[in-house]
Amino acid sequence: DAGITQSPRHKVTETGTPVTLRCHQTENHRYMYWYRQDPGHGLRLIHYSYGVKDTDKGEVSDGYSVSRSKTEDFLLTLESATSSQTSVYFCAISESPGQETQYFGPGTRLLVL
Amino acid sequence: QKEVEQNSGPLSVPEGAIASLNCTYSDRGSQSFFWYRQYSGKSPELIMFIYSNGDKEDGRFTAQLNKASQYVSLLIRDSQPSDSATYLCAVRVNNDMRFGAGTRLTVKP
């Protein structure tokens, strides 16, 4: 988890409320990713970023938006949280998409009631 | 069919034995193959990756890749209780990384 922090680490919220998760890195890596992890599904890519203000959708992007205004920060927003978005969210970073190691942050546990 | 499939386990082996973890993938364009270890409540950490057919060894770990059969495996020799974790197989296709759901391994003392 060195060099990557996520905040908050735990959050309970209610259906319909907006939620923003933050990923912060000190490695100056260009690529950042948001995944969600659910039992039976493994890790699924939500969105990724390949530079400041450059983002793209992943496999499960519906209901999520992202922003990256600085190299070190990648924000994930649930505009109107639903119970199906209860999950563990991991941020990851890599120097390039072809660079073989993605380093993962410690994760955020989100419960939507 | 899932893109990356793993037996969810649990796989239980005695201490000192060889643990064999298997993974199949569906996209023949897959370029790189990864094994991550994830302890309960923690984030995934990379164990090793492999590009080419054959075996790649790193300490007690050996990754095996067979592209013709679309199969990748991880062998853990001299298994230790500290190896008890969930092992995630991941496959890169272009810029996308696709993960299997993981196999839970328990090493019994």
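Quick note on labels: first sequence line is chain A, next is B, and so on, each numbered from 1.
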Check: When clusters are formed by joining ILVMFWY residues with side-chain heavy atoms under 4.5 Å apart, either directly or through shared neighbours, do A:L75 and A:V112 land in the same one?
Finding: no
Margin query: Are B:Y87 and B:V13 linked, directly or through intermediate hydrophobic residues, by side-chain heavy-atom contacts shorter than 4.5 Å (ILVMFWY only)?
Written below: yes
Notebook entry, point to check: For the residue pair A:G105 and B:S43, what are the closest heavy atoms and their distance?
Noted result: O-CB, 2.9 Å
Note to self: If you apply the rule side-chain contact (heavy atoms from CB on, under 4.5 Å), what do you find for B:Q38 with A:L43, and how did you get there?
What the structure shows: CA-CA 11 Å; B:Q38 186 174 25; A:L43 286 156; 5.6 Å; no
Item checked: Contact origin within B:E45 toward chain A - heavy atom pairs under 4.5 Å -> neither
Notebook entry, point to check: Is there a path of hydrophobic side-chain contacts, each under 4.5 Å between heavy atoms of I, L, V, M, F, W or Y residues, that connects B:M48 with B:L105?
Noted result: yes
Notebook entry, point to check: Around atom CZ of B:R77, are there more than 12 heavy atoms of other residues, nucleotides or ligands at under 6.0 Å?
Noted result: yes
Checklist line | Interatomic spacing from CZ in A:F104 to CG in B:L46 - rounded to 0.5 Å | finding: 9.0 Å
Next item on the list: May I ask whether B:L75 and B:Y36 are part of the same hydrophobic cluster, defined by side-chain heavy atoms of I, L, V, M, F, W, Y residues being less than 4.5 angstrom apart, directly or through others?
Entry: no
Check: Could you go step by step and tell me if B:F99 and A:H41 meet the side-chain contact (heavy atoms from CB on, under 4.5 Å) rule?
Finding: CA-CA 8 Å; B:F99 287 82; A:H41 289 280; over 6 Å; no
Checklist line | Minimal non-hydrogen separation, B:M97 against A:Y35, with atom names | finding: CB-OH, 3.7 Å
Notebook entry, point to check: Got a sec: does the CZ of A:R44 have more than 12 other heavy atoms crowding it under 6.0 Å?
Noted result: yes
Check: Taking atom OG1 of B:T86 and atom CD of A:Q37, what is their separation to the nearest 0.5 Å?
Finding: 8.5 Å
Margin query: Before you tell me yes or no, could you show the steps for A:E59 and B:R98 under side-chain contact (heavy atoms from CB on, under 4.5 Å), namely the whole-Å CA-CA distance, both residues' side-chain angles and the distance that decides it to 0.1 Å?
Written below: CA-CA 9 Å; A:E59 179 186 1; B:R98 299 299 174 105; 3.9 Å; yes
